[in-house]
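A quick write-up on the structure given underneath.
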There are 4 protein chains.
Amino acid sequence: MVKQGRPRAEVLDTAILDAATELVIADGYVSTSIDAIARRAGTTRQAVYRRHPSLPHILIAALSRRFGLDPAADTGSLRGDLVAVQHNQIEFFADPLVMRSLPGLLDEAARDAELGSQLFAAFVTPRRRSTARALERAVQRGDIPDGYDTEWICDLLTGPLLMRALMPTGPIDENLAQLTVNAALDVLTATSD
Amino acid sequence: MVKQGRPRAEVLDTAILDAATELVIADGYVSTSIDAIARRAGTTRQAVYRRHPSLPHILIAALSRRFGLDPAADTGSLRGDLVAVQHNQIEFFADPLVMRSLPGLLDEAARDAELGSQLFAAFVTPRRRSTARALERAVQRGDIPDGYDTEWICDLLTGPLLMRALMPTGPIDENLAQLTVNAALDVLTATSD
Amino acid sequence: MVKQGRPRAEVLDTAILDAATELVIADGYVSTSIDAIARRAGTTRQAVYRRHPSLPHILIAALSRRFGLDPAADTGSLRGDLVAVQHNQIEFFADPLVMRSLPGLLDEAARDAELGSQLFAAFVTPRRRSTARALERAVQRGDIPDGYDTEWICDLLTGPLLMRALMPTGPIDENLAQLTVNAALDVLTATSD
Amino acid sequence: MVKQGRPRAEVLDTAILDAATELVIADGYVSTSIDAIARRAGTTRQAVYRRHPSLPHILIAALSRRFGLDPAADTGSLRGDLVAVQHNQIEFFADPLVMRSLPGLLDEAARDAELGSQLFAAFVTPRRRSTARALERAVQRGDIPDGYDTEWICDLLTGPLLMRALMPTGPIDENLAQLTVNAALDVLTATSD
DNA sequence: TAATAACCGAGACGGTACGTCCTGTCTTGCT
DNA sequence: AGCAAGACAGGACGTACCGTCTCGGTTATTA
């Protein structure tokens, strides 16, 4: 079963994702219609539906194009590893497309479990796995004791970024990366119980 | 020149908010239409528009009905104060109406600054102010040194809750309240710089 | 149950029928879309659908507007009565709207029995009844013998008109009225069996 | 320089006409799409378009396959000749494909003169010529006087058949053949003027 | 107690978008 | 050159909401 028929125009592939990106950034998720995307891409609704089943799928594709797979660097120290992860996350959450499409995508994900897990698998899981591996390496080195709650550490690292992506409580910058990493290290090394 | 004419039917006031609440919880924000709300409330679109200018305004009204102003208790200890704040926040973020309407409201707020600040003033600012006051009292008591970043502490406390409200990374429960308060205290008392 | 709500704009009632009439005459039945009718009427598809469930129904309404109920005159003689009927029929079949919409309507009627009987009842039955009554009067006067086949006489009178409405075999004019009436009289008074 | 390349698959020639015939009989003219025909014929639109420029052309081809050229028998008597013509016409108008496709074809013919004359030449003219020749022979035999209107006689013979093919006013059967031939003979031999 | 002003239900209005279907044309690889 | 497969621009389908509007009818207050 090789590929048959007229091949899809790659120009349209990118034109559609470009149009969606621009419109969502300009108007927000709920104001963006498939119709407008097709119009701006200089094509028809049909060509869009041929490629993507719905608006959230278009945006997932557009986001995937921007944010490839996580590099998951090993810098040798826990702090270095976590800072690397946070730089990656900051690049993600500070992106205008992410900021504008995230609420809509989350709304959609809450209804459509299929789409939710797809979204989760594409953008959340890889970053969490990087963090988990960095922690494991730190335990093996003896830098931190075992027995921490990985999920909680991940939420601690990501939560504030999500917060600032969705609400204007503060900038998403280098300083925030340092603050979150410090907080995580404080928690991991604290004697409090 | 007070108010003339037939007064509004209070039954409709509540029927509309009830209908909106039920529909958003069941279908999510983007799938909820003013038409459906009016229908379910047993009235007409016009009666809805007479009370609220748009869907997000309806939801803000519905949320305001559920979540009154923050009590801002003074328990005597920083930990106690923060735990009180977090219990209040957990009640908020764990509410199904909040979980389902938050993405839509945030999307709308990103576009309409007016609405954004209204939303912010109603549900974010009071809780942040409670936290800020608790911190001030702790400084005055000498429990913590001065010079911390209030905004950052607030984001540290709220971020993980928001995270779990929007993504299925973990439960929003008593344990999370303790974890976030511990993290905040670790940060506030840490010697790391 | 009196009439409630905002009344329909009568301007649109006529604008829609006008638009449909013009378009069908210009482009034919199958090339006429509801969309184009709405556009030409200066309104929306919704307003059209609110009044008529489908294209054939629009055309039946447009035809009804042009061709009221049959006068069914009693001229005193069979020839006079039949000529009156045929003048009425000629006016009908020579009408451009009829010529252009008839094929489409018949096609639709062949599929949708409901619509078929509606069409039949509005435009065929009344004219056939006039003819039947004229024949009955002639029998009572003793002008023609009893025992003829009414349906056949009606088809004999109408068939050639329908033929010339749908195919360019000849004009639909006064002469055709005379020819068809003569033929019917020949048949009714013939001794052939 | 005759014909190059792969020859057309004759299987498709008939499969396409079969599919068109079945679909038009089942769904009527306007509901029949080229797409559906190709699908049912187990081929593609392109193969259809390669053979026929449009839906009406397909149907003309399908009709031509069923109804060859007129035999035009000479039975020796005018009545016999006309009855032969009418048997031929009855076979035509009683055919389900004819009954279902005729309205659509006529609609199309009213717009596209080219197609109209093609349709006319294929199915109307031959039958009318047979009738004309039968009449000429009768004149030469002295059975009827000269000076009749051939076109009118043809419409008189065909009109009622067309009527009953398109509307449910009566059966298209042997009796109708006799009635129409009698009517024509009555008219041709009548002294009325 | 009469006028007035706002509310209510019902439903029409011009718009925009939905997701699907079909049209006639066009590549592409294979026969 | 034919064929299966399938993409392309374009147009229409019938439906759903949007926010606004016009009706007839119903309360309350104010004059």
Side-chain angles (χ1 to χ4, degrees), chain A residues 1-13 31-39 41-51 53-55, chain B residues 1-12 31-39 42-51 53-55, chain C residues 1-13 31-39 41-51 53-55, chain D residues 2-12 30-39 42-51 53-55:
Chain A
M1 170 71 90
V2 269
K3 60 177 173 183
Q4 293 188 82
R6 175 170 171 176
R8 287 191 185 155
E10 291 182 29
V11 210
L12 291 184
D13 292 358
S31 302
T32 300
S33 69
I34 304 251
D35 215 74
I37 291 173
R39 226 151 40 213
T43 181
T44 60
R45 267 206 300 289
Q46 196 71 340
V48 177
Y49 281 116
R50 210 170 348 250
R51 290 164 171 77
S54 75
L55 179 57
Chain B
M1 203 265 249
V2 204
K3 53 180 175 183
Q4 282 187 22
R6 177 173 171 176
R8 287 195 184 151
E10 291 181 28
V11 211
L12 292 184
S31 301
T32 299
S33 67
I34 302 229
D35 214 72
I37 291 173
R39 228 148 42 209
T43 181
T44 60
R45 268 204 304 281
Q46 192 75 188
V48 176
Y49 282 116
R50 206 170 283 127
R51 286 152 229 268
S54 76
L55 179 56
Chain C
M1 170 74 86
V2 267
K3 60 176 171 181
Q4 293 187 83
R6 174 170 171 177
R8 289 194 185 151
E10 292 183 27
V11 210
L12 291 184
D13 292 358
S31 302
T32 299
S33 68
I34 305 251
D35 215 75
I37 292 174
R39 226 151 39 212
T43 182
T44 60
R45 268 205 301 288
Q46 270 293 18
V48 176
Y49 281 115
R50 207 172 282 129
R51 292 164 168 77
S54 75
L55 178 57
Chain D
V2 206
K3 53 182 174 181
Q4 284 186 16
R6 176 174 171 177
R8 285 192 187 156
E10 292 182 27
V11 212
L12 291 184
V30 300
S31 302
T32 300
S33 67
I34 302 229
D35 213 71
I37 291 173
R39 228 149 38 211
T43 181
T44 61
R45 267 202 308 270
Q46 193 69 256
V48 176
Y49 282 116
R50 204 171 284 127
R51 285 151 230 267
S54 77
L55 179 57

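In what follows, chains are A, B, ... by sequence order, proteins preceding strands, each numbered from 1.
With the nearest nucleotide of DNA chain F identified for both B:Ile34 and C:Ser54, C:Ser54 has the one nearer the 5' end.
For the pair D:Asp35 CG and F:dG6 P, the interatomic distance rounds to 13 Å; values are reported in whole Å. Between A:Ile37 atom CD1 and E:dG19 atom P the separation is 11 Å, expressed in whole Å. When rounded to the nearest whole Å, the span between CG of B:Leu12 and C1' of F:dT27 equals 14 Å.
Nearest to the side chain of A:Thr43, among F:dA9, E:dG14, E:dT23, sits F:dA9. Listed nucleotides: E:dA10, F:dC13, F:dC3. Nearest to the side chain of C:Gln4: E:dA10. Of all nucleotides listed (E:dC13, E:dC18, E:dG24), E:dC13 comes nearest to the side chain of C:Arg51. Residue C:Pro7 places its side chain closer to F:dT22 than to any other of E:dT23, E:dC8, F:dT22. The A:Arg6 side chain lies nearest to F:dC8 when the options are E:dG14, E:dG19, F:dC8.
The phosphate of F:dG6 (OP1 or OP2) has no side-chain N or O of A:Arg8 nearer than 4.0 angstrom. Put simply, A:Arg45 has no side-chain N or O that comes within less than 4.0 Å of OP1 or OP2 on E:dT20. Within the 4.0 Å cut-off from OP1 or OP2 of F:dA12, at least one side-chain nitrogen or oxygen of C:Arg39 is found.
Put simply, the side chain of B:Gln46 and the base of E:dA10 share no donor and acceptor less than 3.5 Å apart.
Base contact: A:Thr44 has a heavy atom under 4.0 Å from a base atom. If you check every strand for non-hydrogen atoms under 4.0 Å, A:Ala36 touches nothing.
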